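Computed from a predicted structure; not experimentally measured.
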Amino acid sequence: LYTSCIAEAAYFIASNGEAAIIDPLRETQPYLDLLEKEGVKLKYIFETHFHADFVSGHVDLAKKTGATIVYGPMAEAGYDLYSAKDNEEFVIGNLTMQVLHTPGHTMESSTFLLKDENGKDHAIFTGDTLFLGDVGRPDLAIKSDLTMEDLAGHLFDSLRNRIMPLADDVIVYPGHGAGSSCGKSLSKETVGTLGEQKETNYALRSDMTKEEFVKEVTEGILPPPQYFPKNAMMNKMGYENIDEVMERGVKALDVEAFKAEVANGAIILDTRKPAEFVKSFIPKSLFIGIDGQFAMWVGALITDIKQKIVFIAPEGRESEVVKRLARVGYDNAVGYLDGGVEAWKSAGEEIDTIQSITPEQFEQEYANDIHVVDVRKNGEFDNQHVEAASHLPLDYIHDHLDDLDKDSKHFVHCAGGYRSVIAISILQPYGYKNLVNVEGGFGKIKNLESVKLTSVACENS
């Protein structure tokens, strides 16, 4: 059950009237509907580890179904769970699930080995221990005395001793795919075989020493998004019921009620399309479009996870906004503006805009020695960028709010036009009054004949 916006995979297994779910998302209703459709009873909720990048639905789902929450060894939490022993087996209908303790990403991290009706090893659900093309980052353990290098050493042993000895035809079902911040270079594929990974995954090289593994796995790891430890703690200690979160958040507010919530400390989150936002938005709104990697950017950029939020949503998608906020632990949405920005305008309230230009207009401006700001990730920028561009990665923009000259004109771009609008919506309230969004981003800019491009490798040489 793959959810692209947070690059997360949950899994549903059913056999002979019984079912198990692995690493469920926060919202429970889709799983309840699936159980009803298949006519099976949920027996186990398997959690591969205390997730850092999203809030799992295990607590609410267990309350609603009576299923047992199962973690691997060393797991302790603020709710009832079963901490399994290494190699312990659980029966699901005619199937068997074996727990393989695979510490390294975190110390309680475990891989679940599914055996078919004949007892043959069929598939492994690896969580963040093994991805397709990568392995989990070893710097996310909750309040651990172990260093990143210590955890990487554990991960090396787990992979060599517990996973690599399995047969090549065992199917690998990872916890995440490309786009997740839980690894460095995850594949876009969401399922593969262990044999394929032994041949292609750098971390499974048979001739690799532990020292080489530790160096490669830890090299170039950027600081995790600020919400990661907060989500991990929610998964460990428990959280508010999702139904209450939804009821509070999906509430229509008229203009005066909306303004009252803002006056009471709520921030305004605008989730429309970038092209709609730049044309008219409520001053000091934060733009994060629902059609992008919404939850990830909310978690990275709204630093207070308990922040009250009022929002603007595309019509009919108000529930979706609240649900996707809750997936990363932002449970304090308190309503949306009924009628959206048009209602705000009709009430005579002030509207702001962002200047946005086409790639062709950018090319004309480029001839005038302009200042370009690139807000893409480090790897994207390092690979290729506009010559003399300043790099202000969106991930860490709050650490660099005063790095640019606030009186100068800046042409801001990302890869396609989504992140640049987010960046401008963050910078404008801090005194930047002359920011120009480049539509289509670097994807269009790189094809312009007169624009000079370079890379970090070229600059260093």
Engineer: Are there more than 12 heavy atoms of other residues, nucleotides or ligands under 6.0 Å from atom NZ of K64?
Structural biologist: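 Yes.
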Engineer: Which label fits F281 and F277: parallel for a plane angle under 30°, tilted from 30 to 60°, or perpendicular past 60°?
Structural biologist: parallel
Engineer: Could you grab the distance from atom OH of Y173 to atom CG of L114, nearest 0.5 Å is fine?
Structural biologist: 9.0 Å
Engineer: Apply salt bridge (Lys or Arg N to Asp or Glu O under 4.0 Å) to K210 and D157, showing your working.
Structural biologist: CA-CA 8 Å; K210 181 180 284 192; D157 293 336; 3.0 Å; yes
Engineer: Using the six-membered ring wherever Trp is involved, compare the ring planes of H49 and H105 and label them parallel, tilted or perpendicular (cut-offs 30° and 60°).
Structural biologist: perpendicular
Engineer: Has Y396 got a side-chain atom pairing as donor or acceptor with P223's backbone, closer than 3.5 angstrom?
Structural biologist: yes
Engineer: Starting from the C-alpha separation in whole Å, work towards a yes-or-no answer on side-chain contact (heavy atoms from CB on, under 4.5 Å) for M107 and L151.
Structural biologist: CA-CA 8 Å; M107 287 307 293; L151 285 163; 3.7 Å; yes
Engineer: Between F442 and H413, what is the ring plane arrangement, given parallel below 30°, perpendicular above 60°, and tilted in between?
Structural biologist: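 Taking H413 first and then F442, their aromatic rings lie parallel (interplane angle under 30°).
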Engineer: Return yes if a side-chain donor-acceptor contact under 3.5 Å exists between Q307 and N332, otherwise no.
Structural biologist: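 No - no donor-acceptor pair under 3.5 Å links their side chains.
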Engineer: For E247, I'd like to know if atom CD has over 12 heavy atoms of other residues, nucleotides or ligands within 6.0 Å.
Structural biologist: no
Engineer: At their closest point, which heavy atom of I242 faces which heavy atom of A326, and how far apart are they?
Structural biologist: CD1-CB, 3.7 Å
Engineer: Salt-bridge test for D207 and R205: reply yes if a basic N is under 4.0 Å from a carboxylate O, no otherwise.
Structural biologist: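 Salt bridge flag = yes for R205 with D207.
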Engineer: Regarding D53 and Y227, is there a side-chain donor-to-acceptor distance under 3.5 Å anywhere?
Structural biologist: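 No, no side-chain donor-acceptor pair sits under 3.5 Å.
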Engineer: Tell me whether the rings of H176 and F54 are parallel (<30°), tilted (30 to 60°) or perpendicular (>60°).
Structural biologist: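 If you compare the ring of H176 with that of F54, the planes turn out perpendicular.
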Engineer: Count the heavy atoms of every other residue, nucleotide or ligand shown that sit under 6.0 Å from CD of E149, and state whether that count exceeds 12.
Structural biologist: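 Enclosed.
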Engineer: Please tell me whether R327 and N231 have a donor and an acceptor in their side chains that are separated by less than 3.5 angstrom.
Structural biologist: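 Side-chain D/A pair, R327 to N231: absent.
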Engineer: For the residue pair I302 and I309, establish whether any side-chain heavy-atom pair is separated by less than 4.5 Å.
Structural biologist: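 Touching, per the 4.5 Å side-chain cut-off.
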Engineer: Is the shortest distance from a Lys or Arg side-chain nitrogen in K308 or E261 to a carboxylate oxygen in the other one below 4.0 Å?
Structural biologist: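 Here K308 pairs with E261 in a salt bridge, since their nearest N and O are under 4.0 Å apart.
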Engineer: Any ion pair linking E240 and R248 (charged N to carboxylate O, less than 4.0 Å)?
Structural biologist: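 Yes, this pair counts.
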Engineer: If we count only N and O atoms by modelled type, under 3.5 Å, do the side chains of S56 and N235 hold a donor and an acceptor together?
Structural biologist: no
